[in-house]
Amino acid sequence: MQKINDIKHVAITNDTLILVIGEQEYKFPLKEVSKKLQDASEVERKDFKVSPSGYGIHWRLLDEDISIPALLKDLKS
């Protein structure tokens with residue numbers, strides 16, 4: 001399987017989604033990424049899985065999926 005993104009680190013603070021992709025760190029305001037993540041508990045926020053291809057992140061307890069290409073595209077717009 002081809003890797004789309006090399007996601008090395010995922011973290012969520014009170015109001016920010018932090019991703020390290022390759023050698024670059026990105027910070028996204030949760031209010032702009034996902035209402036579910038913004039309102040989630042710490043336990044819900046920590047229960048995630050990065051897809052093997054690096055395409056996205058899935059939060060099982062929230063039934064929430066985030067597309068990495070979409071996040072990065074929004075940065076460039």
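- The shortest non-hydrogen separation linking Pro69 to Asn5 is CD-ND2, 4.0 Å.
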| side chain to side chain contact (heavy atoms under 4.5 Å, CB included) between Trp59 and Ile66: does it pass, once the steps are laid out? | CA-CA 9 Å; Trp59 282 267; Ile66 301 294; 3.3 Å; yes
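- The structure places CG of Leu17 at 9.0 Å from CZ of Phe48, a figure rounded to the nearest 0.5 Å.
- Taking all atoms of both residues into account, the shortest heavy-atom contact from Asp63 to His58 is OD1-CE1, 4.0 Å.
- Without hydrogens or angle criteria, Ser34 side chain to Lys36 main chain gives a donor-acceptor distance under 3.5 Å.
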| message | Please evaluate residues Ile57 and Ile68 with respect to the criterion side chain to side chain contact (heavy atoms under 4.5 Å, CB included), reporting the C-alpha separation (whole Å), side-chain torsions for both, the decisive distance (0.1 Å), and the verdict. | response | CA-CA 8 Å; Ile57 307 168; Ile68 302 304; 3.8 Å; yes
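- Tyr55 and Leu19 are assigned to two separate hydrophobic clusters, defined by single-linkage of ILVMFWY side chains at heavy-atom distances under 4.5 Å.
- With hydrogens and angles disregarded, no donor-acceptor distance shorter than 3.5 Å links the side chain of Asp6 to the backbone of Gly22.
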| request: For side chain to side chain contact (heavy atoms under 4.5 Å, CB included), just list the numbers for Val10 and Ile18, CA-CA rounded to whole Å, side-chain angles, deciding distance to a tenth of an Å, and then say yes or no. | output: CA-CA 6 Å; Val10 177; Ile18 303 165; over 6 Å; no
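- Formation of a donor-acceptor pair under 3.5 Å by the Arg45 side chain with backbone atoms of Gln38 is found in this model.
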| message | One pair to check against side chain to side chain contact (heavy atoms under 4.5 Å, CB included): Leu62 and Asp47. What are the steps and the verdict? | response | CA-CA 9 Å; Leu62 300 170; Asp47 184 18; over 6 Å; no
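- With sequence neighbours excluded, the residues that form a side chain to side chain donor-acceptor pair (under 3.5 Å) with Asp39 are Lys35.
- Using a 4.5 Å cut-off between side-chain heavy atoms of Ile, Leu, Val, Met, Phe, Trp and Tyr, with links allowed through other members, Tyr26 and Leu30 fall into the same hydrophobic cluster.
- No donor-acceptor pair under 3.5 Å is formed between the side chain of Ser53 and the backbone N or O of Ile4.
- Take Lys46 and apply the side chain to side chain donor-acceptor pair (under 3.5 Å) test, not counting sequence neighbours, and it matches Glu42.
- By the side chain to side chain donor-acceptor pair (under 3.5 Å) test, Ser41 is found to be paired with Glu44, residues two or more places apart in sequence or in another chain being considered.
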